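Notes for the one structure printed next.
Chain letters run A, B, ... following the sequence lines, proteins first, then strands; residues in each count from 1. Being a predicted model, the structure only gives us computed values, none of them experimental. Below, all heavy atoms of this structure are taken into account, side chains as well, without hydrogens, waters or symmetry copies.
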There are 2 protein chains.
Amino acid sequence: MSKVDRSKVDRRINKTREAINKALIELMSEKNFENITINDISERANLNRGTLYLHYSDKYDLLDKCIKDHLSNMLKFCMLSKPGEERLNVSNSPLPMFQYFEEHFLFYSSMLSNKGITCFREQMNLVVINGITERLKTGEINHGHNKEVVVQYMASAFVGVVEWWIKNNMPLSPQIMAQQLWDIFDGNYSLVGEGRIPSGS
Amino acid sequence: MSKVDRSKVDRRINKTREAINKALIELMSEKNFENITINDISERANLNRGTLYLHYSDKYDLLDKCIKDHLSNMLKFCMLSKPGEERLNVSNSPLPMFQYFEEHFLFYSSMLSNKGITCFREQMNLVVINGITERLKTGEINHGHNKEVVVQYMASAFVGVVEWWIKNNMPLSPQIMAQQLWDIFDGNYSLVGEGRIPSGS
DNA sequence: TGACTTTTGTTGACTAATCAACACATGATT
DNA sequence: AATCATGTGTTGATTAGTCAACAAAAGTCA
């Protein structure tokens with residue numbers, strides 16, 4: 001008569017998943033996804049092949065979950081700075097985002113540069129769109145622009161810039177990138193109801 | 001009816017031991033050994049406290065096995081260059097040794113600098129003595145010196161120099177250290193039966 | 001084509017790691 | 001001295017991971 005608590009996840013599970021994800025990302029930075037075998041992954045992760053199948057049904061399932069996991073964390077990170085609060089100062093500029101991408105460079109580099117995996121860019125775009133949409137829920141646009149259009153515009157611009165930055169091995173610092181992007185956005189819109197930021201005149 | 005092979009070690013065992021050893025060395029570079037608890041170690045190693053007790057009876061047992069393990073590897077590494085073979089050229093100088101210590105700097109630094117653990121220096125000295133004795137078995141000394149004395153002299157000198165080098169955060173490169181030590185040894189003895197190396201005249 | 005190697009996904013027997021719980025020891029604070 | 005917190009070492013029930021073995025699929029090449 002027992003049955004233990006089990007409310008928290010067994011730490012072995014996390015260790016295993018982390019090892020597998022790390023191995024996959026490493027391998028994807030080295031070769032084409034299609035050429036990576038389950039054997040490669042389990043060897044690199046230093047665990048039994050059978051263990052991998054306890055968590056993922058095949059390598060496509062693994063890739064899928066790996067992407068969803070990372071993008072979900074990215075979105076979570078973005079949402080930490082609450083929408084509609086202190087949005088016009090530099091402290092809430094895109095800087096944390098670029099620092100985030102810098103920290104997870106290996107992942108985003110692997111995903112964006114790897115041949116034979118087309119799905120990633122679209123998934124990332126989708127997540128960014130959802131994120132921006134969420135943030136714009138409270139602070140409404142008041143320039144007479146269609147919200148959908150603005151969201152698409154911003155998401156595409158952001159993802160495109162990030163993709164360029166990552167694919168080119170981050171030639172500029174996160175600070176510079178954030179400043180540049182902030183300036184461009186500023187030239188277009190201010191994102192909350194206060195309207196354009198008076199610049200000079 | 002079965003009984004599996006089990007000739008090789010279960011990879012879980014190696015992973016666990018490696019995590020524990022890494023955790024101990026890290027912690028010892030941060031604080032006094034006496035102030036490190038079993039809880040600290042198991043937390044840092046990211047495993048259950050009970051798991052640690054499956055491998056070690058207490059933290060002293062762990063420290064002991066950790067030291068013996070490292071020193072045994074060190075000796076193994078030293079013995080890779082066979083005694084009595086090509087001993088007079090630079091390629092067989094102490095350089096590999098200093099590179100070895102550089103690679104395992106964190107361990108030796110922790111052990112040599114940590115207060116509240118006196119046993120390490122003596123154990124290391126003993127291992128070095130055994131190593132040198134082993135190497136001198138084939139190539140005999142022929143200067144009329146007592147072998148024991150020569151061994152003690154060399155071991156003390158070597159350990160002393162290494163200890164200074166590690167404790168001072170490796171102020172000189174392994175190359176320089178090896179060259180210096182080689183020159184000093186050369187000024188004293190050549191270690192094989194060929195006698196002094198004619199230097200110049 | 002056919003022989004071959006490699007990879008895949010699954011099985012069952014087994015072992016190591018996990019977790020909560022426990023009693024006890026040590027140490028500091030009041 | 002009594003209280004409180006923290007660390008120790010052990011227990012038993014349970015789960016996750018391991019390994020070798022297998023058959024079937026997919027890729028390689030003479």
Side-chain angles (χ1 to χ4, degrees), chain A residues 1-28 30-66 69 114-117, chain B residues 1-28 30-66 69 114-117:
Chain A
M1 86 209 27
S2 41
K3 269 305 170 204
V4 203
D5 191 342
R6 298 287 170 260
S7 55
K8 285 164 189 166
V9 210
D10 194 309
R11 71 210 309 162
R12 282 173 294 184
I13 293 177
N14 287 325
K15 285 189 221 174
T16 296
R17 296 212 174 123
E18 275 166 28
I20 292 174
N21 277 277
K22 184 163 171 286
L24 174 65
I25 294 169
E26 277 181 27
L27 287 167
M28 283 189 68
E30 294 167 17
K31 55 178 165 178
N32 195 308
F33 178 71
E34 284 308 323
N35 296 333
I36 298 173
T37 70
I38 294 281
N39 279 321
D40 291 337
I41 301 169
S42 59
E43 269 175 36
R44 180 69 67 102
N46 190 26
L47 40 79
N48 194 281
R49 195 158 49 87
T51 306
L52 200 149
Y53 287 111
L54 291 178
H55 296 265
Y56 309 97
S57 58
D58 52 38
K59 72 171 182 171
Y60 301 99
D61 180 44
L62 165 59
L63 177 64
D64 191 56
K65 284 177 175 155
C66 180
D69 217 56
N114 198 289
K115 314 291 176 210
I117 151 185
Chain B
M1 69 204 49
S2 40
K3 266 309 167 202
V4 202
D5 192 340
R6 295 294 168 253
S7 55
K8 286 163 190 169
V9 210
D10 193 310
R11 69 209 311 162
R12 281 173 294 184
I13 293 178
N14 287 325
K15 284 190 222 175
T16 297
R17 295 213 174 122
E18 273 166 29
I20 292 174
N21 277 278
K22 182 163 173 286
L24 174 65
I25 294 169
E26 277 181 29
L27 287 166
M28 283 189 69
E30 294 167 18
K31 56 176 164 178
N32 195 308
F33 178 70
E34 284 308 322
N35 297 333
I36 297 173
T37 70
I38 294 281
N39 279 321
D40 291 337
I41 301 169
S42 58
E43 269 174 36
R44 180 68 66 101
N46 189 28
L47 39 81
N48 194 282
R49 195 158 51 86
T51 306
L52 200 149
Y53 286 111
L54 292 177
H55 296 264
Y56 309 97
S57 57
D58 52 37
K59 72 172 181 170
Y60 301 99
D61 180 43
L62 164 59
L63 176 64
D64 191 57
K65 283 177 176 157
C66 179
D69 217 57
N114 199 289
K115 314 290 176 207
I117 150 186

If the cut-off is 4.0 Å, is A:Lys15 near the phosphate of D:dA16, judged by side-chain N/O to OP1 or OP2?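 So the side chain of A:Lys15 is outside the cut-off, no N or O lying under 4.0 Å from OP1 or OP2 of D:dA16.
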Short side-chain N/O contact to D:dG9 OP1/OP2 from B:Tyr53, under 4.0 Å: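 Yes, because at least one side-chain N or O of B:Tyr53 sits under 4.0 Å from OP1 or OP2 of D:dG9.
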Relative to the 5' end of DNA chain D, which residue comes earlier, B:Ser57 or A:Leu47, by the nucleotide with the nearest heavy atom?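 On the 5' side of the pair lies B:Ser57.
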Spacing between [X] atom [atom1] and [N] atom [atom2], to the nearest angstrom:
X: B:His55; N: D:dG9; atom1: NE2; atom2: P; result: 16 Å
X: A:Tyr56; N: C:dT8; atom1: OH; atom2: P; result: 16 Å
X: B:Asp10; N: C:dC14; atom1: CG; atom2: P; result: 15 Å
X: B:Leu52; N: C:dT18; atom1: CG; atom2: C1'; result: 14 Å
X: A:Asn48; N: C:dG9; atom1: CG; atom2: C1'; result: 12 Å
X: B:Lys8; N: C:dA16; atom1: NZ; atom2: C1'; result: 19 Å
X: A:Glu18; N: D:dA16; atom1: CD; atom2: P; result: 16 Å
X: B:Ile13; N: C:dT18; atom1: CD1; atom2: P; result: 13 Å

Can you name the closest pair of heavy atoms from B:Ala45 and B:Ala19 and give their distance?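 The pair with the smallest heavy-atom distance is CB-O, 3.5 Å.
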Please tell me which of the listed nucleotides, D:dT18, C:dA17, D:dA16, lies nearest to the side chain of B:Thr16?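 That would be C:dA17.
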Side chain of B:Arg12 - closest among C:dT8, D:dT18, C:dT18: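 Of the options given, the side chain of B:Arg12 lies nearest D:dT18.
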Tell me what B:Lys59 touches on the nucleic acid: a base, only sugar-phosphate, or nothing, going by heavy atoms under 4.0 Å.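 Touches nothing.
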Quick one: label B:Arg11 by what it contacts on the DNA or RNA (base, sugar-phosphate, nothing), any heavy atom closer than 4.0 Å.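 Sugar-phosphate, backbone atoms only, no base.
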Reported [atom1]-to-[atom2] distance for the pair [X] and [Y], which is rounded to 0.5 angstrom:
X: A:Asn48; Y: A:Thr51; atom1: CG; atom2: OG1; answer: 4.5 Å
X: B:Cys66; Y: B:Asn21; atom1: SG; atom2: CG; answer: 4.0 Å
X: B:Ile38; Y: B:Leu62; atom1: CD1; atom2: CG; answer: 7.0 Å
X: A:Phe33; Y: A:Lys115; atom1: CZ; atom2: NZ; answer: 16.0 Å
X: A:Arg44; Y: A:Leu27; atom1: CZ; atom2: CG; answer: 4.5 Å
X: B:Arg49; Y: B:Ile41; atom1: CZ; atom2: CD1; answer: 11.5 Å

Taking side chain as C-beta onward, heavy atoms only, is A:Arg17 less than 4.5 Å from A:Arg12?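 SC-SC contact between A:Arg17 and A:Arg12 ruled out.
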Pick the nucleotide of DNA chain C nearest each of A:Arg49 and B:Arg17; which residue has the one closer to the 5' end?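 Result: A:Arg49.
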I need the residues from residues 32-43 of chain B with at least one non-hydrogen atom less than 4.0 Å from DNA chain D; give them sorted by number, or say none.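 Under 4.0 Å from DNA chain D: B:Thr37, B:Ile38, B:Asn39.
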Of all residues at least two apart in sequence or in a different chain, which pass the salt bridge (charged side-chain N to carboxylate O under 4.0 Å, His left out) check with B:Glu43?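 Result, salt bridge (charged side-chain N to carboxylate O under 4.0 Å, His left out) vs B:Glu43: none returned.
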Taking the basic N atoms (NZ, or NE/NH1/NH2) and the acidic carboxylate oxygens, is any pair closer than 4.0 Å for B:Lys31 and B:Asp40?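 Salt bridge flag = yes for B:Asp40 with B:Lys31.
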Over its full length, what angle do the end axes of the helix from C:dT5-D:dA26 to C:dT30-D:dA1 make, each axis taken from five pairs and the result rounded to 10 degrees?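 For the helix from C:dT5-D:dA26 to C:dT30-D:dA1, the axes at either end differ by 40°.
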